[in-house]
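Structure, as structure tokens:
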Amino acid sequence: MLPRPDQRLEPTDIVSETSERRIRRRIGSAVVAAGLTAMCTLPAAAGPPYQSDDPQPTDYRHYEIYTFNKGARSKGDLAGASGIDFNYGAARDLQLTATLPVGFDFPSNGPTAFGLSNIELAAKYRILHQDRFGLDVAVFPRVFLPSGSRSVGDRQASVLLPIWVQKDWGKWSAFGGGGCQISAAGRSHDFCLYGGTVTRQIAPTLQLGIELFHQTADGIGNPATTSLGIGAKYDLNDNIHLLGYAAKGIQNARTANQYSWYAAVLFTF
């Protein structure tokens, strides 16, 4: 408290006032420093809705749950899946993933089909960090179980073995990589995929991005495909997020990928 103009200050009063101001300045400086540190260490969101993944696992003892719908149109057919993508930070730098999809197929000639598609089990492990190496690097092996339906999905098991990297700077982020998927159906069904994505935080709650993605032929009569896509993520609050993505084929588009999409509601806690 400041003295009145006619009030005489005692030495102890001066010391007390000076100490109080010093403490207030220190508290203010600590709050600002903590805020800047949190901003600098907050990881950039990546991975879904893009086809390229990212090397950043779900935070330790936290959850990410996607309720999604995705699909593509090719050769006049429309096929895809809806389901739940469940992620858990099981340990530091380790994410466990389980995806439960219900597939659908709307062929140009034939009956519509629905059924349990290929359940996915995966584990993402980050082996390098940006703050020490300059890049985040992770492996993310993924196992696809045989489809539970005769009409949708792949009846054979397969495994995807990719490596993903990421670099963040300011409001920008770049991530991508690739790997190959090996099928129990034989080498003719094996294929590789590669992708790269650049995103920018346009506003505190809105992120936009662009992606170039390529997949080699995955079977006889299925040519390689390359697509160009755009994506967006909007944060409704700290726990609910909206994700959207749309892509257009630029290689063999008519027979392999006329267009594709992904939409999801993400719950984080």
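In this text the structure is predicted, and so the values were computed from the model without any measurement.
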For Ala185, the side chain to side chain contact (heavy atoms under 4.5 Å, CB included) test, sequence neighbours excluded, returns Gln156, Ser183, His189

Quick one: does any side-chain atom of Lys233 pair with a main-chain N or O of Pro49 as donor and acceptor, under 3.5 Å? no

Q) Below 4.5 Å, heavy atoms only, C-beta onward: do Phe140 and Leu161 meet side chain to side chain? A) no

Is it true that Tyr234 and Gln207 share a donor-acceptor pair across their side chains at a distance under 3.5 Å? no

Across all chains, not counting sequence neighbours, the ring-ring contact (aromatic ring centres under 6.0 Å, His included) partners of Tyr88 are Tyr63

Tracing side-chain contacts under 4.5 Å among Ile, Leu, Val, Met, Phe, Trp and Tyr outward from Tyr194 reaches none

For side chain to side chain donor-acceptor pair (under 3.5 Å), just list the numbers for Asn118 and Glu120, CA-CA rounded to whole Å, side-chain angles, deciding distance to a tenth of an Å, and then say yes or no.
CA-CA 6 Å; Asn118 301 94; Glu120 305 172 29; over 6 Å; no

Close side-chain approach of Leu236 and Leu242, heavy atoms under 4.5 Å = yes

Do Asp53 and Lys124 come close enough that some side-chain heavy atom pair is under 4.5 Å?
yes

Name each donor-acceptor pair under 3.5 Å that joins a side chain in residues 103-111 to protein atoms two or more places apart or in another chain, with its distance.
| from | atom 1 | to | atom 2 | distance (Å) |
| --- | --- | --- | --- | --- |
| Ser108 | OG | Asp77 | OD1 | 3.3 |

On a heavy-atom basis, the closest approach of Tyr125 and Arg92 is CE1-O, 4.4 Å

Worksheet item: Would Gln181 and Asp190 count as having a side-chain donor-acceptor pair, cut-off 3.5 Å?
Response: no

>> Quick check on Arg200: does its CZ atom have over 12 non-hydrogen neighbours (other residues, nucleotides or ligands) under 6.0 Å away?
In response: yes

Can you give each donor-acceptor pair under 3.5 Å made by side-chain atoms of residues 257-269, sequence neighbours left out, with the distance rounded to 0.1 Å?
| from | atom 1 | to | atom 2 | distance (Å) |
| --- | --- | --- | --- | --- |
| Asn257 | OD1 | Tyr259 | N | 3.4 |
| Trp261 | NE1 | Asn69 | OD1 | 2.7 |
| Thr268 | OG1 | Asp238 | O | 3.1 |
| Thr268 | OG1 | His241 | NE2 | 2.9 |

In terms of heavy-atom contacts, Tyr66 and Leu243 come closest through CE2-CD2, 3.9 Å

Side-chain heavy atoms of Leu100 within contact of Phe86, under 4.5 Å: no

Under 3.5 Å, side-chain donor or acceptor atoms of residues 216-228 against the rest of the protein: list the pairs with distances, not counting sequence neighbours.
| from | atom 1 | to | atom 2 | distance (Å) |
| --- | --- | --- | --- | --- |
| Thr216 | OG1 | Cys192 | N | 2.8 |
| Thr216 | OG1 | Cys192 | O | 3.3 |
| Asp218 | OD1 | Asn222 | ND2 | 3.3 |
| Asn222 | OD1 | Lys75 | NZ | 3.2 |
| Thr226 | OG1 | His214 | ND1 | 2.7 |
| Thr226 | OG1 | Gln251 | OE1 | 2.6 |

To the nearest 0.5 Å, atom CG of Asp131 lies from atom CG of Leu128 at 10.5 Å

### Query
Would you call Arg142 and Thr99 a side-chain contact if the rule is heavy atoms closer than 4.5 Å?
yes

Discussion item. Are Trp172 and Lys167 packed together at the side-chain level, in the sense that at least one heavy-atom pair is separated by less than 4.5 angstrom?
Written reply: no

Any luck finding a side-chain donor-acceptor pair between Ser147 and Asp154 under 3.5 Å? no

